[in-house]
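Worksheet: one structure, shown below.
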There are 2 protein chains.
Amino acid sequence: MTANRQIVLAELPGGSKLAPEHFRLTEAAMPTPGEGEALLKIRYVSLDAANRAWMQGATYRSAINAGDVMAGGALAEVVESKDPSLKPGDLVFADTGWQEYAVLPARKLDKVARAEPLTHLLSVYGVAGLTAYFGLLECGQPKAGETVVVSAAAGSVGSIVGQIAKIKGCRVIGIAGGAAKCDLLVRELGFDAAVDYKAGNLFKALRAAAPNGIDVYFDNVGGDIFEAALFNMNTFGRIACCGAVSGYDGAAPPAGPRGVPGLIVTKRLNVRGFIVSDFYAKRDAALAELKGWVESGALKVREDVLEGLESLPGALIGLLAGENVGKRMVKVA
Amino acid sequence: MTANRQIVLAELPGGSKLAPEHFRLTEAAMPTPGEGEALLKIRYVSLDAANRAWMQGATYRSAINAGDVMAGGALAEVVESKDPSLKPGDLVFADTGWQEYAVLPARKLDKVARAEPLTHLLSVYGVAGLTAYFGLLECGQPKAGETVVVSAAAGSVGSIVGQIAKIKGCRVIGIAGGAAKCDLLVRELGFDAAVDYKAGNLFKALRAAAPNGIDVYFDNVGGDIFEAALFNMNTFGRIACCGAVSGYDGAAPPAGPRGVPGLIVTKRLNVRGFIVSDFYAKRDAALAELKGWVESGALKVREDVLEGLESLPGALIGLLAGENVGKRMVKVA
């Protein structure tokens with residue numbers, strides 16, 4: 001059988017920006033499944049800002065160390081199974097890492113039903129779609145007529161958050177970097193307004209775009225954007241904390257946003273962090289609702305698919321620089 | 001009739017520490033109630049860290065300006081009433097300001113049932129007790145066996161928070177300034193442990209006192225203490241944001257605590273700000289429960305009563321410096 005090509009994290013980036021030299025392409029022997037395990041062929045690897053956070057230390061998963069195959073979620077196909085729950089051809093979502101093949105215990109595999117196109121299993125019907133759905137609806141609790149703001153709005157999660165908020169009857173403002181992304185949010189995805197955080201004075205721009213204040217802020221980024229939103233929040237507003245990508249690529253931020261906790265008190269805000277798996281008990285109902293919206297055309301799915309295992313390091317580096325629109329993934333096979 | 005002695009905020013402190021020269025004692029004519037109003041004789045003025053925050057600008061109440069009678073809540077007795085809802089001798093709680101007499105519309109007066117001693121109406125049965133009760137139980141949601149940490153633990157609210165958490169079966173750690181206060185928390189108020197934030201390395205001291213991590217943090221202070229607690233929180237922990245006294249007396253803090261929002265995400269924390277009046281619909285039930293605990297001896301009430309209108313500026317300055325134990329108030333008449 002052929003060898004298994006892998007991308008290894010050659011060196012931890014520490015407080016530096018992630019760069020191609022932190023990775024190395026290697027080959028390993030094809031792995032063999034033992035009892036209760038399955039051999040998987042990786043089809044599409046998901047690129048996520050959290051991949052970079054894992055290099056900073058343990059979070060909700062253990063840290064990645066130098067010399068490890070780079071970790072990452074992927075859609076994979078079962079090639080050989082030594083567990084009764086799986087058979088060749090089954091599709092699974094798993095943390096396979098960046099490689100062509102992986103052997104994992106069946107209990108670490110999340111079997112998914114085939115969908116057309118397959119890529120939707122990593123975008124709207126995957127972690128991105130469910131993160132948007134649960135974060136907005138469970139943590140954000142938006143009501144019709146309220147103002148919802150989402151950061152990284154052209155990204156995989158943000159682009160879905162904004163559209164769900166529109167479906168729920170809210171006024172929706174996206175924060176994104178650059179005029180092209182802002183334009184896309186309003187023209188293609190139906191956002192009411194978009195604010196370019198690179199254009200300066202975000203606080204004022206946000207106040208102008210949300211003259212009645214912000215009721216729900218879905219935060220993907222932390223840092224200065226979190227602070228600008230915090231100062232524009234309405235009393236009894238809710239902040240759903242999904243990630244803090246502004247702090248992932250480089251040294252940990254020296255301080256947090258001003259106004260914490262003072263404004264949380266005076267505005268009586270509810271600031272809640274979540275991870276999508278916290279809500280997996282409600283996953284089937286969420287997927288059914290997402291499918292309905294996609295099929296009716298109410299929810300447009302944006303994907304950004306790159307090709308080939310070797311494009312993974314650049315795909316992650318570019319994602320951290322904000323170059324993608326919609327869900328970024330790499331087709332490995 | 002005699003004149004009405006008043007303490008006026010002569011000058012806004014701005015970004016400086018509050019000092020005696022910011023206040024001035026004056027005399028005004030005795031006010032006369034109009035239709036729908038009452039003349040009140042102020043008995044006890046409540047001292048609260050929020051008094052200082054009001055000088056920084058509008059919060060949940062309008063800002064105080066130079067030349068105004070200093071604002072403040074007080075327990076007062078009706079002397080003369082031109083409203084059918086009140087009669088001489090009735091006790092009310094109201095924002096009377098720092099003076100001997102005040103005229104206010106009846107709708108701004110909160111009638112309270114007489115209690116013995118009267119001071120309990122400003123401590124355990126007043127804003128302090130209800131703030132502790134609702135903040136801990138509604139925002140903190142403590143469960144038996146969990147670890148609860150409260151800052152400003154020897155203060156009016158903190159001393160009650162810790163005791164309610166003990167009643168609910170939690171392990172309770174208080175953060176306070178100085179060995180004497182820490183000693184009192186453990187020996188007199190039944191806290192399991194106390195941490196002196198002035199002794200240095202709060203993060204480590206807190207980790208040693210809470211080896212299983214913190215499930216509920218009741219924050220009265222913000223700043224570095226908030227940050228030390230945040231880094232010790234357990235997954236799915238809750239932070240009740242009650243105030244941010246560390247940022248009240250002086251310039252606004254240049255930045256917020258590190259770890260916001262990153263740790264809020266990875267630990268899936270719920271950080272919630274509140275004001276006691278948000279929960280007033282449930283006030284009667286809360287007061288009944290507090291009374292039961294006081295009468296059974298499960299809840300000890302600490303009060304710090306100073307004498308005379310002219311002692312008010314020093315009483316507030318001292319409160320901001322942390323010199324009081326329990327609820328501080330000034331007996332005016």
Side-chain angles (χ1 to χ4, degrees), chain A residues 49-50 53-54 56-61 131 135 139 151 217 219-227 229-230 233 235-248 251-279, chain B residues 49-50 53-54 56-61 131 135 139 151 217 219-227 229-230 233 235-248 251-279:
Chain A
W54 300 340
Q56 293 187 328
T59 52
Y60 48 90
R61 71 165 337 268
T131 297
C139 300
S151 52
Y217 171 53
D219 180 53
N220 283 309
V221 298
D224 293 343
I225 295 177
F226 183 104
E227 182 174 302
L230 181 61
M233 292 299 291
T235 304
F236 297 113
R238 291 129 268 152
I239 300 180
C241 296
C242 179
V245 62
S246 71
Y248 291 167
R258 287 182 310 130
V260 174
L263 291 178
I264 295 176
V265 179
T266 55
K267 296 173 183 246
R268 286 93 118 194
L269 303 179
N270 194 331
V271 183
R272 183 171 166 196
F274 73 99
I275 306 280
V276 64
S277 52
D278 299 344
F279 300 103
Chain B
W54 301 340
Q56 293 186 327
T59 51
Y60 48 92
R61 73 168 329 272
T131 297
C139 300
S151 53
Y217 171 54
D219 180 54
N220 283 309
V221 298
D224 293 342
I225 295 177
F226 184 104
E227 182 174 302
L230 181 61
M233 291 299 292
T235 305
F236 297 112
R238 291 129 267 151
I239 300 181
C241 296
C242 179
V245 64
S246 71
Y248 292 166
R258 287 182 309 131
V260 174
L263 291 179
I264 295 176
V265 179
T266 55
K267 295 170 183 252
R268 285 91 120 199
L269 303 180
N270 195 329
V271 183
R272 182 168 166 198
F274 73 99
I275 306 279
V276 62
S277 52
D278 299 343
F279 300 103

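Chain identifiers are assigned alphabetically (A, B, ...) following the order of the sequence lines, protein sequences preceding nucleic acid strands; residue numbering begins at 1 within each chain.
The candidate with the highest count of non-hydrogen atom pairs below 4.5 Å against chain A, out of B:Val221, B:Ile239, B:Asp278, B:Thr235, is B:Asp278. Of all the listed residues (B:Val260, B:Asp219, B:Leu263), the one sharing the greatest number of non-hydrogen pairs under 4.5 Å with chain A is B:Val260. Of the listed residues (B:Gly222, B:Pro257, B:Gly259, B:Gly262), the greatest number of heavy-atom pairs within a distance under 4.5 Å of chain A belongs to B:Pro257.
Nearest heavy-atom pair, A:Pro261 versus B:Cys241, reported as atom, atom and distance to 0.1 Å: CB-SG, 3.9 Å. Taking each heavy atom of A:Arg258 and B:Ala255 in turn, the nearest pair found is CG-CA, 3.7 Å.
Only the backbone of B:Leu269 comes within contact range of chain A, with heavy atoms under 4.5 Å apart. Contacts between B:Cys242 and chain A at a heavy-atom distance below 4.5 Å involve the backbone alone (N, CA, C, O). Both the backbone and the side chain of B:Asn270 come within contact range of chain A, judged by heavy atoms closer than 4.5 Å.
To the nearest 0.5 Å, atom OG1 of residue A:Thr266 and atom CZ of residue B:Phe274 are 13.0 Å apart. In this structure, B:Arg268 CZ and A:Ser277 OG are separated by 5.5 Å, a value rounded to the nearest 0.5 Å.
No side-chain heavy atom of A:Arg272 sits under 4.5 Å from any side-chain heavy atom of B:Val271.
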